[in-house]
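Report on the structure given below.
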Protein chains: 2
Amino acid sequence: MLELRTLPAACAQRRSDAACTSCGARAFSVCGRLGDEDLAKLDSIAEHTALKAGEGLIRQGDPAGHVFNITSGSVRVYKLLPDGRRQITGFLFAGDFVGLATGEDYAFSAEAIEDATLCRFRKSDYRALIRQAPALESALLERATHELAAAQNQMLLLGRKTALERVASFLLNLPEDPVRPASDGLVRLPMTRAEIADYLGLTIETVSRVFSRLKTTGVIRLVSLHELRIEQPDRLAALAEGEG
Amino acid sequence: MLELRTLPAACAQRRSDAACTSCGARAFSVCGRLGDEDLAKLDSIAEHTALKAGEGLIRQGDPAGHVFNITSGSVRVYKLLPDGRRQITGFLFAGDFVGLATGEDYAFSAEAIEDATLCRFRKSDYRALIRQAPALESALLERATHELAAAQNQMLLLGRKTALERVASFLLNLPEDPVRPASDGLVRLPMTRAEIADYLGLTIETVSRVFSRLKTTGVIRLVSLHELRIEQPDRLAALAEGEG
DNA sequence: CGGGCACTTGAAGTCGATCAAAGTGTGTGG
DNA sequence: CCACACACTTTGATCGACTTCAAGTGCCCG
């Protein structure tokens with residue numbers, strides 16, 4: 001059975017940033033529009049996989065043979081420089097697609113941050129399917145479009161924001177815990193400080209220091225290492241835009 | 001008459017980076033696939049405009065009513081922070097589209113760097129057209145996909161590369177002068193140092209210093225302020241990846 | 001030819017990186 | 001269940017790349 005069908009509910013909860021409220025949610029735009037036949041077709045070419053924390057699903061340079069849809073857990077997508085410097089270009093969660101934006105070979109790597117499950121589609125099957133189900137293609141274009149907008153925001157962050165502004169922006173864009181959506185402001189951080197640093201173009205130490213600063217100023221509270229509560233969303237938002 | 005038809009030739013010349021050779025060129029993927037009827041339909045809803053240097057075509061926050069295709073000249077796309085910090089997210093040239101990646105309102109601004117001409121499509125007309133010409137949609141998805149890959153490269157640049165690596169990467173990704181394609185290594189820089197700086201997440205002074213360094217080490221030669229020749233492409237490529 | 005703007009170059013300052021060490025949590029094996 | 005080991009995180013001190021501030025230089029255009 002294809003999990004895609006169950007995504008809208010999850011997605012509607014997980015995006016709180018303004019850029020995404022208008023479109024509902026990212027995965028929603030894919031599955032919400034599809035009729036039962038289209039879903040059945042998708043189902044017929046889907047292949048389910050489970051990954052343990054740290055396992056890779058895509059390796060930079062490999063021929064781009066598959067497209068993935070994450071059904072649970074979280075994934076890091078990154079690029080490396082020859083000397084090992086890493087830039088994480090995105091964290092992906094349930095409902096997100098991976099592997100669409102590729103040519104012949106994958107131009108990035110993707111690995112599970114924590115145990116994850118996903119649907120895998122052979123790219124050729126997938127293309128064939130799209131020809132039969134044009135609604136899918138337009139939904140994907142809309143998604144790609146929103147990812148592009150998100151990428152532009154990240155460029156602004158990486159090119160022009162201070163460490164404090166970067167961390168604040170990051171926390172605000174994080175999906176709220178879908179398990180306990182009522183507990184407002186509670187955010188889960190499945191990734192390590194090193195991954196946050198590599199996402200924000202900073203070092204571990206700087207990320208840690210900024211967290212400490214936000215903690216002592218009362219903007220956030222660290223519930224545990226991988227879970228925090230945003231105590232003052234307004235101040236955090238102001239900080240994110242350089243108005244703190 | 002719609003200029004789109006004339007783009008393939010121009011595009012085939014202007015992209016030299018490896019990421020784009022496989023797809024031919026970005027605009028090519030849009031116009032190359034379309035039949036005469038589709039082109040005629042596009043033509044019927046196109047509206048031609050000319051812009052003087054510095055004039056804007058899109059302003060951040062305005063309702064997103066149009067999609068544009070640049071037919072000559074060059075355009076800067078950027079986002080601003082409240083205090084005026086600017087991140088240029090891309091330079092666009094003949095054949096490129098602007099305004100696809102938007103929701104209700106534009107999330108960025110776009111202005112002509114030099115005198116430019118463009119086709120303008122009302123977004124509603126444009127959407128209607130897409131419904132009739134599915135080939136257009138799949139071509140646009142492919143383009144969006146490549147822009148996403150380019151955006152990921154830019155994130156790597158902004159997050160993890162040094163000033164020298166950024167400038168080197170920038171010069172290598174610049175389109176070669178389409179007017180004189182034979183003169184290998186000759187690059188036109190229609191934008192100012194300030195624009196380069198805001199694209200690379202640096203200051204004017206740092207960009208200038210790196211240019212000077214590349215000049216004195218013989219990697220490039222400045223023909224004029226806005227035109228330079230890459231004398232040692234291999235060394236420049238090595239520098240761009242941190243192997244200099 | 002002269003004014004203005006963009007660019008270059010130099011000197012000092014700063015934010016984040018790097019180096020270093022102590023603290024904390026987690027998982028494993030006894 | 002506890003103790004140990006290891007990996008991750010936090011905090012502190014120093015360093016360096018890029019920024020900021022400040023003159024100069026040169027080019028373009030009237």
Side-chain angles (χ1 to χ4, degrees), chain A residues 52-54 76 81 83-88 113-115 157-170 188-217 220-228 239 242 244, chain B residues 52-54 76 81 83-87 113-115 157-171 188-217 220-228 239 242 244:
Chain A
K52 290 248 165 280
R76 57 176 175 256
L81 285 172
D83 64 2
R85 277 174 288 174
R86 177 176 71 166
Q87 178 65 39
I88 293 183
I113 289 177
E114 54 189 339
D115 292 358
L157 180 151
L158 292 169
R160 288 297 178 221
K161 289 190 180 179
T162 66
L164 179 60
E165 290 159 7
R166 292 181 200 205
V167 172
S169 303
F170 168 69
R188 201 172 64 94
L189 297 169
M191 65 294 287
T192 65
R193 299 290 185 269
E195 286 163 343
I196 297 173
D198 282 350
Y199 179 60
L200 299 178
L202 300 170
T203 59
I204 301 180
E205 294 93 329
T206 299
V207 170
S208 182
R209 274 185 252 271
V210 172
F211 270 44
S212 297
R213 188 131 78 94
L214 290 172
K215 206 172 52 182
T216 59
T217 54
I220 64 171
R221 168 191 302 275
L222 285 173
V223 177
S224 76
L225 261 180
H226 292 287
E227 201 167 29
L228 63 80
L239 289 173
Chain B
K52 290 247 167 278
R76 56 176 176 256
L81 286 171
D83 64 4
R85 277 174 287 173
R86 178 176 71 167
Q87 178 65 38
I113 289 177
E114 54 190 339
D115 292 358
L157 180 150
L158 292 169
R160 288 298 177 220
K161 289 190 180 180
T162 66
L164 180 59
E165 290 159 7
R166 292 181 199 204
V167 172
S169 303
F170 167 69
L171 292 177
R188 201 171 65 93
L189 298 168
M191 66 292 286
T192 65
R193 299 290 185 268
E195 286 163 344
I196 297 172
D198 282 351
Y199 180 60
L200 299 179
L202 301 170
T203 59
I204 301 180
E205 293 93 329
T206 299
V207 170
S208 181
R209 276 185 251 271
V210 173
F211 271 40
S212 296
R213 188 133 76 94
L214 290 173
K215 205 172 53 181
T216 58
T217 53
I220 64 171
R221 168 192 301 277
L222 284 173
V223 178
S224 75
L225 259 181
H226 291 286
E227 201 167 28
L228 62 80
L239 289 174

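Values in this document were obtained by computation on a predicted structure and should not be read as measured data. Below, read A as the first sequence line, B as the second, and so on, with proteins coming before strands; counting in each chain starts at 1.
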- Tell me: CD1 of A:I204 to C1' of D:dT10, nearest whole Å? 11 Å
- Message: Which heavy atom of A:R76 sits nearest to which heavy atom of A:I113, and what is that distance?
- Response: N-CG1, 3.8 Å
- Item | Rounded to 10 degrees, the angle between the two terminal axes of the helix from C:dC1-D:dG30 to C:dG30-D:dC1, each from five pairs | 40°
- Residue pair B:L222 / B:K215: nearest heavy atoms and the distance that separates them: CD1-CD, 3.7 Å
- Task: Mind listing the closest non-hydrogen atom pair of A:L202 and B:R160 along with its distance?
- Result: O-NH2, 2.7 Å
- Item | OP1 or OP2 of D:dA7 under 4.0 Å from side-chain N/O of A:T192 | no
- Would you mind classifying the nucleic acid contact of A:S208 as base, sugar-phosphate or nothing, using non-hydrogen atoms under 4.0 angstrom? base
- Rounded to the Å, how far apart are A:E195 CD and D:dA7 C1'? 13 Å
- Message: For the backbone of B:Q87 and the side chain of B:D198, can you confirm whether one donor and one acceptor N or O come within less than 3.5 Å of each other?
- Response: no
- Query: Please walk me through it: do B:L225 and B:R193 pass side-chain contact (heavy atoms from CB on, under 4.5 Å)?
  - Reply: CA-CA 9 Å; B:L225 259 181; B:R193 299 290 185 268; 3.4 Å; yes
- Item | Rounded interatomic separation in angstrom, taking NE2 from A:H226 and C1' from D:dA7 | 11 Å
- Message: Tell me if the CZ atom of B:R86 is crowded by more than 12 foreign heavy atoms within 6.0 Å.
- Response: yes
- Please lay out, stage by stage, how A:F170 and A:V207 fare under the test side-chain contact (heavy atoms from CB on, under 4.5 Å). CA-CA 11 Å; A:F170 168 69; A:V207 170; over 6 Å; no
- Using side chain to side chain contact (heavy atoms under 4.5 Å, CB included) as the criterion, point out the one residue from A:T206, A:V210, A:L157 that pairs with A:L200. A:L157
- Value for CG (A:L81) from CD (B:E165), rounded to nearest 0.5 Å, stands at 6.5 Å
- Task: Taking heavy atoms of chain B and a 4.0 Å limit, find me the 5'-most and 3'-most nucleotide of DNA chain C within that range.
- Result: C:dC7 to C:dA11
- When every nucleotide of nucleotides 18-30 of chain D is labelled 5' to 3' by its protein contacts under 4.0 Å (heavy atoms), B for base, S for sugar-phosphate only, - for none, what sequence of letters results? SBBB---------
- Item | A:I113 CD1 to D:dC8 P, straight-line distance once rounded to whole Å | 13 Å
- How many angstroms lie between atom CG of B:L214 and atom CG of B:L164, to the nearest 0.5 angstrom? 5.5 Å
- Message: Does B:R85 have more than 12 heavy atoms from other residues, nucleotides or ligands lying within 6.0 Å of its CZ?
- Response: yes
